[in-house]
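Counting starts at 1 for both ligands and their atoms, following the listed order. The first residue in the sequence is number 1, and the count goes up from there. FYI, side chains are in, hydrogens and waters are out, and symmetry mates aren't considered; it's all heavy atoms of this structure.
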Amino acid sequence: MYGLTEQDLELQQRARDFANTLIPYEVEAEMAQGELAHEVATAHRRQAIDLGLYATNMPTDVGGQGCTSLQQVLVQEQAGRVTNALGWVMNTPPSWWPDVANEEQRTRWLLPSVRGEMQECYAITEEQAGSDVAALTTTARRDGDSYVIDGVKWHVTSFNEAAYAFVQAVLTEGPHTGEHALFVVELPSPGVRVVRTPAYSHTIAHHHPIVAFEGVRVPASHLVGAEGEGMTFSYEWFRFERLMVAARCLGATERLIEEATAFARDRIVKGEPLLARQLVQAMLADSATELFAARSMVYETARSVDEGVNKLVLHGRCSMVKLYASEMACRVADRAVQIFGGRGYMRENVAERFFRELRVERIWEGASEVQQLIIADQLAKRGLSAMV
Ligand SMILES: Cc1cc2nc3c(=O)[nH]c(=O)nc-3n(C[C@H](O)[C@H](O)[C@H](O)COP(=O)(O)OP(=O)(O)OC[C@H]3O[C@@H](n4cnc5c(N)ncnc54)[C@H](O)[C@@H]3O)c2cc1C
């Protein structure tokens, strides 16, 4: 792609080289419920930190890499080339936090998270509140110098690895009754209980348990920002994470096209390589074209973040890139499985793994239909020329 600086290209290559060292561990992880030996997983995390590929989204004054949005995309794109979430060691802590973290939050959790010593998890979704976050029923009741949290959260990704959880809850008392607030809950804490840990389509070391918060008491200093600001942080995180989901989808798609093309070149059917067959060529041509379109959108959106374009406009654009890139990646994974034939149905095959793993990109951080609603809403409010 045009317009990458020398620094961008160097960072991209560094991330690519690191991702290439993770790829040989994929099948081992797949066959072991996503787990690698503890010392191997720890070494991967250490390497990501030492290579400057960790906390690329965090400002330098809290110890982060202070990368541009485009550079963050370049790194996450490479993380996306690796299956089984092994690329998640290039982690991005909550970038909205430094501006609102109080001193206790900063020293106890934020700075260690940026150093890679701790991991967070997010407990927002509930059984009856996913797309409609406003329907949350988890409550936070003020009691003296504390809040008491009660509710059950679903799909809490990385709970098994996390040192603390961000819990979003509805306030039951005071001037902000009925509004949302976000709290840091240290893990483990009295009253926090795993209800169960369901199995999911992908095979990764990060679990997504259902977690009950039963009379969990946290000091008032664990409130993030102010009462009533819970949704504000969610929106900011959605914009960031939707762009990064799209970036990882680009990486996955690139890998799928490269692997499927290499296979089609080597596989001889009736005396000719598959790559010479026009029906196979069409699948690869469509895939490469869609990747180019998606990459153009994602890089352009990252550049508009770096240019400081209006947040409301960015909100719509981040939805567009998440919608397009995730749907596109799933189409390409489906074609790649088809090109690999029976091999594409084996778990040791990259296309089989991506076929399962990419499906969730169309669901989490706002399902595709939710992105469509956001885009249509922005179109009605701001008009097409403000969006594209
Ligand atoms: C693997 C995994 C990890 C996750 N990790 C986390 C996490 O760490 N923390 C967390 O808080 N959450 C997490 N989630 C939850 C995720 O964000 C939600 O699943 C997602 O937002 C969709 O919500 P839902 O599952 O309740 O679906 P629902 O809201 O029940 O929606 C079901 C379907 O209806 C569609 N739909 C909903 N509303 C409308 C509408 N108005 N018009 C048209 N269609 C509509 C949706 O698009 C979807 O297709 C995770 C989910 C998964 C699968």
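Met283 and Val269 fall within the same hydrophobic cluster, defined by Ile, Leu, Val, Met, Phe, Trp and Tyr side-chain heavy atoms under 4.5 Å apart, directly or through other members.
A salt bridge is defined here as a Lys NZ or Arg NE, NH1 or NH2 lying under 4.0 Å from an Asp or Glu carboxylate O, and Glu173 with Arg141 fails to meet this definition.
Arg347 forms no cation-pi arrangement with Phe354, by the criterion of a distance under 6.0 Å to the ring centre and an angle within 45° of the ring axis. Figure legend: Arg267 and Phe263 shown without cation-pi pairing, the cationic atom not lying both under 6.0 angstrom from the six-membered ring centre and within 45 degrees of its axis.
Note on ring orientation: taking the six-membered ring where Trp is involved, the planes of Tyr164 and Trp97 are tilted (angle from 30° to 60°).
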Inventory of protein N or O atoms under 3.5 Å from ligand 1 N or O:
unit_1   : atom_1 : unit_2 : atom_2 : d
ligand 1 : 5 (N)  : His155 : O      : 2.9
ligand 1 : 5 (N)  : Thr157 : OG1    : 2.6
ligand 1 : 8 (O)  : His155 : O      : 3.2
ligand 1 : 8 (O)  : Thr157 : N      : 3.0
ligand 1 : 8 (O)  : Thr157 : OG1    : 3.2
ligand 1 : 9 (N)  : Tyr122 : O      : 2.8
ligand 1 : 11 (O) : Ile124 : N      : 3.0
ligand 1 : 11 (O) : Thr125 : N      : 2.8
ligand 1 : 11 (O) : Thr125 : OG1    : 3.1
ligand 1 : 12 (N) : Thr125 : OG1    : 2.7
ligand 1 : 23 (O) : Ser131 : N      : 3.3
ligand 1 : 29 (O) : Ser131 : N      : 3.0
ligand 1 : 29 (O) : Ser131 : OG     : 2.6
ligand 1 : 47 (O) : Glu369 : OE1    : 2.6
ligand 1 : 49 (O) : Glu369 : OE1    : 3.2

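Expressed to the nearest 0.5 Å, how far OH of Tyr235 lies from CG of Leu312 amounts to 11.5 Å.
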